[in-house]
Visitor: 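Let me begin by handing over the structure; questions about it come next.
These numbers were taken from a predicted model, which means no experiment stands behind them. Reckoned from all heavy atoms, side chains included, excluding hydrogens, waters and symmetry mates. Chain letters run A, B, ... following the sequence lines, proteins first and then strands; every chain starts at 1.
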Number of protein chains: 2
Amino acid sequence: MSKKKRIRIKDIAADAQVSRGTVDRVLHNRGRVAPDVKAKIDKTIEKLGYSPNIIASTLAKNKEYHIATLLPSPDMDNYWALPQIGIERALKASKDFGIHVDQFFYIMENVNSFKEQADLLIQSNPDAILLSAEFYRESLSFYKKVANLNIPLLSINTHIPTLEKVSYIGQHSYQSGKLAGRIFDIALRNKGDILMLHLGSSVDNAPHIMDKERGLSDYFQTKTNPYNILKEEFEDYANIDRLTTFLYNIFESTKNIAGIFVTNSRSYYLVQALELLGYHDLCIVGFDLLEENCQLLKNGKIDFLINQDPIKQGNLGILNLVDSLLYQRSNLKTLYLPLDIVVAENVDLYMQNEIETFVTL
Amino acid sequence: MSKKKRIRIKDIAADAQVSRGTVDRVLHNRGRVAPDVKAKIDKTIEKLGYSPNIIASTLAKNKEYHIATLLPSPDMDNYWALPQIGIERALKASKDFGIHVDQFFYIMENVNSFKEQADLLIQSNPDAILLSAEFYRESLSFYKKVANLNIPLLSINTHIPTLEKVSYIGQHSYQSGKLAGRIFDIALRNKGDILMLHLGSSVDNAPHIMDKERGLSDYFQTKTNPYNILKEEFEDYANIDRLTTFLYNIFESTKNIAGIFVTNSRSYYLVQALELLGYHDLCIVGFDLLEENCQLLKNGKIDFLINQDPIKQGNLGILNLVDSLLYQRSNLKTLYLPLDIVVAENVDLYMQNEIETFVTL
DNA sequence: TTTTTTTTTGTGCACGAGCACATAAAAAAG
DNA sequence: CTTTTTTATGTGCTCGTGCACAAAAAAAAA
């Protein structure tokens, strides 16, 4: 509760008996300061403990920053509406700092639209980039182009570990597979087989999906495994009839399935098909708190959802970029967000939080 | 991607052909403006869409705010070190806005120190208050004193619903009891009894603990309950020998206990005692990600921890008060944070997030 | 009408930092 | 020992808003 006032440049100048301008040059390493004077000022700064007033600095700089995002369009995939909420919230908090967000959307599962939007993004000449690269190969060439620009780059949702220098905020996909394993282990009690279901296309070009697969397998590798694990992929998931037929065939050949792991946010499609088939006692583990999924969770049709917090991904993604722009420190690093186990009893609390406007500072 | 510039007071003044000062008076309802002029300016504001630049406003106001906190001392109870992390983080983000945090700590389970610190707090004449009132009766009288001050007041961790006007950020205790019920239901599979254990004193003066109790009971009320639920309270929990004896007696009289629900963050004491007694196969559900608890979770000695996110409670608590001070809007409301189910497979992700410095905007 | 009072409107400085430019001091060239 | 060049240091304006005070206009009193 000491009553010390915040130290300003002016205070340092007075203490070191120089002008504000000289202190300013020392602080920003602009040179043009006599060595002995610089030493003296450095000492004073150390002594008084200066930290810049970001408020005043922002106002004085009067600079505008443009953050460009490159994400899948929410129109095609409900999941991608969630990061938007976080981005919006971050923008609200930082628009007074001169931050603008220019959004570029590509069509999920359409490589060309990715390339196209990527080029448009680069043409827009942004000060920082937030992206989720859903295509492994194409994203590599994008990274290469961006590398020369020397601007902060951060990826969410899809971690490409090949490029360590690119920082990432999002789920630890491998670990989420392991977590799913644990959940099945608790819920199934050594009875029945587990079906791992990829509802979507070109899994081989999406490393994060394969990581989940490995995670689940590895979980059971460490113990004497009482479960068989089946892997299936189905592209035309939105066609419920075809999905139903597809599942029917699986159940015909494998009678013992007790749990199904849907490796993305589309478990609500699966449930529709299972309803048609009349399967009610399966343990379903899926991802993400889409409205549809949550409803089924409450009805007991889905047992567990693993939340990868896409809202927070968007929110922290932008805020981190803002931070690195304003403070021009490259603090960007990789951050794995928590994986929340969501059941009927706590889903509302997660949902409320997602709707609730957070503090807009 | 429209290129519209941010509207300033100056722009409104120009458009309405008045001076900045007049616009300022309209914006702040300071009066002293001719009615027709005010109407004109209001229309222009509407037309151009002004929103104040909080950066410039903060700088110009040059005002210092003092937020006082009244929380249990972390020295007595590790749990209370966690909100501190969140408070520290919030302070870092908002100190440039002239925010100061003055902390008052009371000794847990010592009513007098609460009253004493509460008085000191009021004497310090704060601009806003963050508190956790662990004593039901005493907190009521504190609320009464504070009500006259007419300053923002927000409570965390302990919700006193009797006073609806006091906003709250924290766990939904009742729901956390229900969640524990569900967890036992999944893990125990209709076998054995559940011991609900309060490690601490004067539960009758701590409504949030009683809410957890009700939640657990109610969960099983809705279904044909295969479990017996025992309730026990033990005050001298830090004395492992005595705790061990206490538990020994319980197990002697009740042979069928399969799960233990520790209603606060002190499950690591329980595990110490259970080790001495040689019980290894019980399903333990506790609260909060204390270092000690997390270690036991990874070792498999604790099965589940429910995270009430005390860090976020402290963080959002302060940030909300900051928000209401800076924007002088009373946006304070009650927010129930998510209840995270934490197991060995996701605990590290929660811990990493707690250590990791978040964006300091 | 003139003077006084009241109401309305305009202006200038401050907040703290950034940056351009002016001035002063020291070093190099004449 | 000047003059020129280089280096070092100081000053003044800017950002957008808030607020005190000055100035002007209108209304009331003389």
Visitor: Are K40(A) and D36(A) ion-paired here, with the side-chain N under 4.0 Å from a carboxylate O?
Guide: no

Visitor: Decide whether T22(A) and R32(A) meet the rule of one side-chain donor and one side-chain acceptor closer than 3.5 Å.
Guide: no

Visitor: Which letter, B, S or -, goes with each nucleotide of nucleotides 14-23 of chain C from 5' to 3', with contact meaning a protein heavy atom under 4.0 Å?
Guide: -BBBBB----

Visitor: Got a salt bridge between D11(B) and R6(B), using NZ or NE/NH1/NH2 to carboxylate O under 4.0 Å?
Guide: no

Visitor: Please work out whether the ring planes of H159(A) and Y168(A) are parallel, tilted or perpendicular, with thresholds of 30° and 60°.
Guide: parallel

Visitor: Provide, to the nearest angstrom, the distance between the CZ atom belonging to R32(B) and the C1' atom belonging to dC21(D).
Guide: 14 Å

Visitor: Got a donor-acceptor contact below 3.5 angstrom from the R89(A) side chain to the Q84(A) backbone?
Guide: no

Visitor: Dot-bracket for DNA chain D: what is it, with Watson-Crick or G-U pairs under 3.5 Å, [ ] where a pair crosses earlier ones, and | for a pair to another strand?
Guide: ||||||||||||||||||||||||||||||

Visitor: Under 4.0 Å between a side-chain N or O of S19(A) and OP1 or OP2 of dG10(D)?
Guide: yes

Visitor: Distance alone, cut at 3.5 Å: any donor-acceptor contact between the side chains of Y79(B) and N157(B)?
Guide: yes

Visitor: Roughly how many Å is it from CG in L326(B) to P in dG18(D), rounded to a whole number?
Guide: 12 Å

Visitor: Just checking, is any N or O donor in the side chain of T334(B) or S167(B) under 3.5 Å from an acceptor N or O on the other one?
Guide: no

Visitor: Run the salt-bridge test on K38(B) and D42(B) with the 4.0 Å N-O cut-off and return the result as yes or no.
Guide: yes

